[in-house]
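Heads up: the structure comes next, in structure tokens.
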Amino acid sequence: MKYISILTVSVLAAAAAGAVAAQDPAQPVVTVYRVPEADTTTIVEGVFRVDAGLLGTGSCDYAAEVTVRDAQGLGLLEDKWDASCPSANGVQLPALEVFHFAMPAGSTFNVTVAVSPKGRPAERHVKTISVSALPAYTMASDLILAKQVGFVDSASSGKWTLRRGTIGIQTSSEAIIEPDSAQLAYYFELYPRRGKPVTGTVTGIVRQQDGKDVTRFTLASLNAVADPRPIAGSVKLAGLVPGSYRFDVEVALADTTLTLSHPFQMASPALVSYWESVSDQDLEEVYGSIVTWITSKAEADLYHTLSPGGKRAFLNRFFNGESPTPNDGEESAIDAFLERSKVVRDRYAERAGRGSQAGWLTDRGRIYMLHGAPTQVVTKQSPVNGKPYEIFYYASGRGNVYLFADETGMRHYRLVYTNDPSEPESQVLETARVGNDALVDLQRLGATVRIKQE
């Protein structure tokens, strides 16, 4: 294979904010690379991304499958394998999987990628894309946008996603530029026709999605170029407003102009200064309860496995880069979280052996973190009939009630009844466990109580 070019087929946005386009998070990320192996043949190399968010599980062990069919449905490739995502510094990283095949000029193939959690084939995440061969006698490859391009040597060989001879390219599934570096790298290959050297200018153009020019750069000058040539480099985009853009490369030759194009995203600045100030101890004591706010169990499980740095990055994304502003008269999501967290730490921690259990790990603390301060709290430390209990009543919404009982006498309050359908294990009240006083108070609060028949 002489030269490899790239065509990005956007089929999934990353979990992180600032993806190039709104895409279905239940499908794999697929990028397709094309190369003119000969004048009438195209070699295709594909890459797709797998991560725990795609699988919907805390772990990242998976089964992968790639199928390639022609326009008549004839199967040209079918490959299956098992693998796991890599990790670094305690953070689970996405995995990149590769496949390749050849196609004649003028043909179009359908590529289907399927990924499922290992041992759970019914939970398949599938994406099918259409890939066309490069035109016969093409003069230029597709355009690659990357984080970096450079020369490959023994010290840097490991950091390049793609290697084209002595040139290394650090690519990703989407072209997202971070404001702290604001550098966009590019790579493509020029294929002069046999016996016809080309002379001209290569210009890079940043355009808005509506096609309006933002800025232009002269990338290269061509002077009687007769052999295939890679053209690579980088441009600085400091100050570019966050949003979606297109990078066009125009190759202006004597008798024709070639235009190559690729979308990219300028991400919003990451407001990490607050999160860098949060100590490792506060990550556990103050922000550990974040898992009660995460609706996905897979994400909650993943959070526990992250390093302190990984948790800070997670929290920064979760709260959209916000810092606490408790005295500005407006309650942001992080302000509400911290207010509830303080109440739960101070009020609902319980003794556990010789130590204590964090408030958010107790039933009362968990419910408080989820729903905030109750409209009314009923507490009976010495009821006439039954065990000590406490009731949270929320007047808004469904008028939910939560009954916690201290059945052991050790001030360990457990949720024993609620009419909240999201708590399915506590939908029926056993009066023998808590006594009639609790039943009377629930009814006084207007709750219709389902009672277990003895």
Side-chain angles (χ1 to χ4, degrees), residues 13-23 25 51-53 58 89-94 174 176-182 237-245 264-348 358-361 365-373 394 396-397:
V20 171
Q23 303 169 37
D51 56 33
N89 299 321
V91 178
Q92 201 168 55
L93 304 176
E174 294 94 8
I176 301 176
I177 308 304
E178 300 297 337
D180 56 350
S181 60
L237 299 179
L240 191 64
V241 175
S244 298
Y245 297 89
F264 73 95
Q265 181 87 7
M266 173 61 76
S268 298
L271 304 178
V272 298
S273 57
Y274 170 73
W275 300 103
E276 290 175 348
S277 71
V278 175
S279 68
D280 291 357
Q281 181 178 356
D282 281 349
L283 280 176
E284 300 302 324
E285 296 181 359
V286 178
Y287 289 98
S289 54
I290 192 65
V291 297
T292 64
W293 278 37
I294 300 172
T295 56
S296 164
K297 183 180 184 300
E299 279 195 312
D301 291 343
L302 175 62
Y303 181 82
H304 285 304
T305 69
L306 297 176
S307 66
K311 289 178 178 177
R312 290 185 180 89
F314 182 101
L315 291 166
N316 185 59
R317 292 193 301 270
F318 187 87
F319 289 113
N320 297 317
E322 292 181 341
S323 299
T325 53
N327 300 316
D328 66 350
E330 297 181 5
E331 186 179 61
S332 64
I334 190 172
D335 289 339
F337 170 84
L338 290 173
E339 181 180 353
R340 295 183 192 184
S341 180
K342 183 179 187 307
V343 171
V344 165
R345 293 199 314 275
D346 295 345
R347 192 179 299 171
Y348 296 118
W360 65 273
L361 292 172
R366 180 177 62 84
I367 296 300
Y368 194 102
M369 285 298 306
L370 282 171
H371 304 293
Y394 293 86
S396 60

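Since the structure is predicted, the reported quantities are computational estimates derived from the model, not experimental observations.
The two atoms that bring Val286 and Ser341 nearest to each other are O-OG, 3.0 Å, heavy atoms only. Contact record, Leu237 with Met266: O-CE, 3.7 Å, taken as the closest heavy-atom pair. Here the closest non-hydrogen pair linking Ile177 and Ala182 is CG2-CA, 3.6 Å. Nearest approach of Glu322 to Ala333, heavy atoms of both residues: OE1-N, 3.9 Å. Of all heavy-atom pairs spanning Trp360 and Val291, the tightest one is CZ3-CG2, 3.3 Å. Across every non-hydrogen atom of Gly365 and Val344, the tightest pair is O-CG2, 3.6 Å.
Residue Phe337 is tested with Phe319, Tyr368, Phe318 for a ring pair (Phe, Tyr, Trp, His ring centres under 6.0 Å); the sole match is Phe319.
Put simply, the side chain of Leu283 reaches to within 4.5 Å of the side chain of Leu315, judged on heavy atoms. Residues His371 and Tyr394 have side chains in contact (heavy-atom distance under 4.5 Å, counting atoms from C-beta outward). At a threshold of 4.5 Å between non-hydrogen side-chain atoms, the residues Ile334 and Tyr274 count as touching.
Under the 3.5 Å distance criterion, the side-chain polar atoms of Arg312 are matched with a main-chain donor or acceptor of Val278. The backbone N or O of Met369 lies less than 3.5 Å from a partner atom in the side chain of Trp293, making a donor-acceptor pair.
In this structure, CH2 in Trp275 is found 11.0 Å from CG in Asp282, a value given to the nearest 0.5 Å.
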